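Scroll down for the structure; my scribbles are underneath it.
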2 protein chains.
Amino acid sequence: MAMATIYEVAKEAQVSPKTAARILAGASSRPHNKERVLAAAKKLGYVRNQQAANLRSGKSGLLGLIIPSVTNPYYPWFFQAIHDIALQKGYQILLSSVSGGHEEVVRALRMMEANQVEGLLFNMSEWDDRDSLEILERFIARGQPVIIGGTNLGKLQADEIVIKNVEAVQKVTHYLVKTGHEKIAFISGPLTALGNRERLEGFRKAMAKAKLEVRENWLCEGSAEFEEGLDQGLKVLRRSDRPTAIVCATDQIAMGAVKAAHELDLHVPKDVAVTGFNDTPWARLTSPSLTTLRQPKARIARESINLLVERITERDLTNPRRLYFEPDLIIRESA
Amino acid sequence: MAMATIYEVAKEAQVSPKTAARILAGASSRPHNKERVLAAAKKLGYVRNQQAANLRSGKSGLLGLIIPSVTNPYYPWFFQAIHDIALQKGYQILLSSVSGGHEEVVRALRMMEANQVEGLLFNMSEWDDRDSLEILERFIARGQPVIIGGTNLGKLQADEIVIKNVEAVQKVTHYLVKTGHEKIAFISGPLTALGNRERLEGFRKAMAKAKLEVRENWLCEGSAEFEEGLDQGLKVLRRSDRPTAIVCATDQIAMGAVKAAHELDLHVPKDVAVTGFNDTPWARLTSPSLTTLRQPKARIARESINLLVERITERDLTNPRRLYFEPDLIIRESA
DNA sequence: CCAATAATTGACATCGTTGTCATTTTACGT
DNA sequence: ACGTAAAATGACAACGATGTCAATTATTGG
């Protein structure tokens, strides 16, 4: 009842296993044999055992992708893009969505090793766990290329995906200034994450450039979630000197800020403009739809996979590279 | 430079490969050997080659999951739930997100076969492609259990996940009636999909039970997307006899309807109540937050995987089963 | 029609792991 | 210290696919 093997196909077709294999691999052969083998394969429902083939060939056709959580709305799209492009290039994606802590990441990395991934995309924010680093180093030493995203693992000889957070937030802040705003608040995600520090820096730079005052109590830090946006939004909008615009470090925070505005009977964007970050799938669906910054996911996916595959096939590439990507400003109704 | 094998570990530790394997598998052994093997394994960064182990054991530890698209906001959560529970049970998930047509599904199914998945969760809506069916039949004949979700592949001897769409929509509709609504519209997704037909049926049943009139031109059918909700919402809300509530077949449609209401200066829920379906992650973030129906994803995942694993380990289970799940009514601000 | 060349074919070995089973080592009771 | 039972070990084979290479078969020109 198990899966038919090439031996059974060969027997059925009365040829040697090797011939059957060759024919199923598409090589030329006597028409007579070809017919018989194809017929036998069809009859038995033969499907090549990929695991065995991989073992033989020393390749796995797998690329590993480690991300924080598919339930974070940014990642499904990222995964889909990576998945599609990898398929085109003949690779499957082995996905690990690790919502938990260090142990879970280590387990995921081990799993990737055990499954012989040929390359790895490691997308986590602020990760510098000793054990993980050691395993990643092993990948690289072994010649399995690694691309790091979302965090900076400095000493590691790996390629990096760098999102230009500073420039992006500068862009949106500049846009607000240009549309006449002078009193602008900023609600950040946790500053323990590099990306959030960069976004804050972008805000400060833009304000400095516009010669606008950055009121320190208009700078809020919290989690990257909706509730935080709501709380901080309420706090900052209740002040007598309330801002006319709020730049938020994530779309979730922005949604919270919008809700805060509504609760205080303020109109968005007339009374307060609100901007987000990431262009999560629902950003365009809300009322008002969200002005936000969109990461070029397809481009990130394409260039990452390209580089990864290049490194896999040409072992002797030079030094680690950095791939830079700048989010686009998407102007909608909220600002 | 390649991955260290058990032979190298054995050599380094001066024991036979079998002993090394046994020790690494956790069996008891002379302390002397144990130390040396563990040290050698650590030194060489040994990681078991899962592919080879699978080949040897005839198991893969893989469960296949085929879904329409991870970018559909329902699925990431579903995947995460499946993924977590499968991990607990010692299985990895092999995910295929097939946005495209039949060919792509067939390719995904073949890939699942080639990778020796021990069981398969096939979650597509309205799928009755000949080729796919044939492959699925092969799975079952071979003794690789299959669970079908989201569609009805009648003749197939497979277990099924059944979402009680009828009851769910009856529940919201009833709730609207109870809160005083009499003029209720329904915006459906494409009626080619079973789930949408059921949702419509639920609406009709509930209205009949409440002895309320179902005006045929308040029944809109379209895609399951936002734009459709907006268009249909505008159309139905512009009528002189506009409804006071709109039941929508998806959250996306509901968001569209909310936007339509806003464009016509109608307040939600004061002027029109709007309800969605699925409790997509952003349903609670919007203003107003969305009253909707939530699928018990964790429970669906748990029970599906349990059944799948049970079938894998106990080959002689009886007839196909059906797992029923009824979405919960989540009452928020929009209705 | 035959020799020479080209195209196919199949026996064998191998990828890394681990079950089987015979052999060796250890531990224990007397 | 010795015999025996129990525990640990290692040689070998097998999982399924496929590269190597020698043997076979087909093709071509003279």
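In what follows, chains are A, B, ... by sequence order, proteins preceding strands, each numbered from 1. The structure displayed is predicted, hence computed values, not measured ones. Only heavy atoms go into these numbers, but all of them, side chains included; no hydrogens, no water, no symmetry mates.
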Taking for each residue the nucleotide of DNA chain D with the nearest heavy atom, is it B/Ala20 or B/Ala52 whose nucleotide lies nearer the 5' end?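 Nearer the 5' end of the strand: B/Ala20.
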Rounded distance in Å - [atom1] ([X]) to [atom2] ([N]):
| X | N | atom1 | atom2 | value |
| --- | --- | --- | --- | --- |
| B/Glu113 | D/dG16 | CD | P | 15 Å |
| B/Glu8 | C/dT17 | CD | C1' | 14 Å |
| B/Lys59 | D/dG16 | NZ | P | 14 Å |
| B/Asn54 | D/dA17 | CG | P | 14 Å |
| B/Arg56 | D/dA17 | CZ | C1' | 16 Å |
| A/Arg36 | C/dT9 | CZ | P | 12 Å |
| A/Ile6 | C/dA11 | CD1 | P | 14 Å |
| B/Gln116 | D/dG16 | CD | C1' | 9 Å |

Compare side-chain N and O positions of [X] against OP1 and OP2 of [N] and report whether any pair is under 4.0 Å apart.
| X | N | result |
| --- | --- | --- |
| A/Ser16 | C/dG10 | yes |
| A/Tyr7 | D/dA14 | no |
| A/Thr19 | C/dG10 | yes |
| B/Arg48 | C/dT18 | yes |

Within 45 degrees of the ring normal and closer than 6.0 Å to the centroid, is that where the cationic atom of B/Arg142 sits relative to B/Phe139? yes
Return the nearest nucleotide to the side chain of [X]; candidates are [options].
| X | options | result |
| --- | --- | --- |
| A/Val15 | C/dG10, D/dA17, C/dT17 | C/dG10 |
| B/Leu55 | D/dA17, D/dA11, D/dG16 | D/dG16 |
| A/Lys18 | D/dT20, C/dG19, D/dA17 | D/dT20 |

Around [X], counting heavy atoms of other residues, nucleotides and ligands shown, do more than 12 lie under 6.0 Å from its [atom1]?
| X | atom1 | result |
| --- | --- | --- |
| A/Glu103 | CD | no |
| A/Glu104 | CD | yes |
| B/Glu310 | CD | yes |

Aromatic ring pairing A/Phe78/A/Tyr75, orientation class (parallel under 30°, perpendicular over 60°, tilted between): perpendicular
Assign [X] to base, sugar-phosphate, or nothing according to its heavy-atom contacts below 4.0 angstrom with the strands shown.
| X | value |
| --- | --- |
| A/Asn33 | sugar-phosphate |
| B/Arg30 | sugar-phosphate |
| B/Arg22 | base |

Protein N or O to nucleotides 4-7 of chain C N or O, pairs below 3.5 Å:
none

Please list all pairs passing the salt bridge (Lys or Arg N to Asp or Glu O under 4.0 Å) test where one or both residues lie in residues 6-23 of chain B, with sequence neighbours left out. B/Glu12-B/Lys43
Cut-off 3.5 Å, no hydrogens considered: what does the side-chain donor-acceptor table look like for residues 26-40 of chain B, sequence neighbours left out?
unit_1: B/His32; atom_1: NE2; unit_2: B/Arg36; atom_2: NH1; d: 3.3
unit_1: B/Arg36; atom_1: NE; unit_2: B/Ala13; atom_2: O; d: 3.4

Would a distance-only check, ignoring hydrogens and angles, find a side-chain to backbone donor-acceptor pair under 3.5 Å from B/Ser96 to B/Ala108?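 Between the backbone of B/Ala108 and the side chain of B/Ser96 there is no qualifying donor-acceptor contact (under 3.5 Å).
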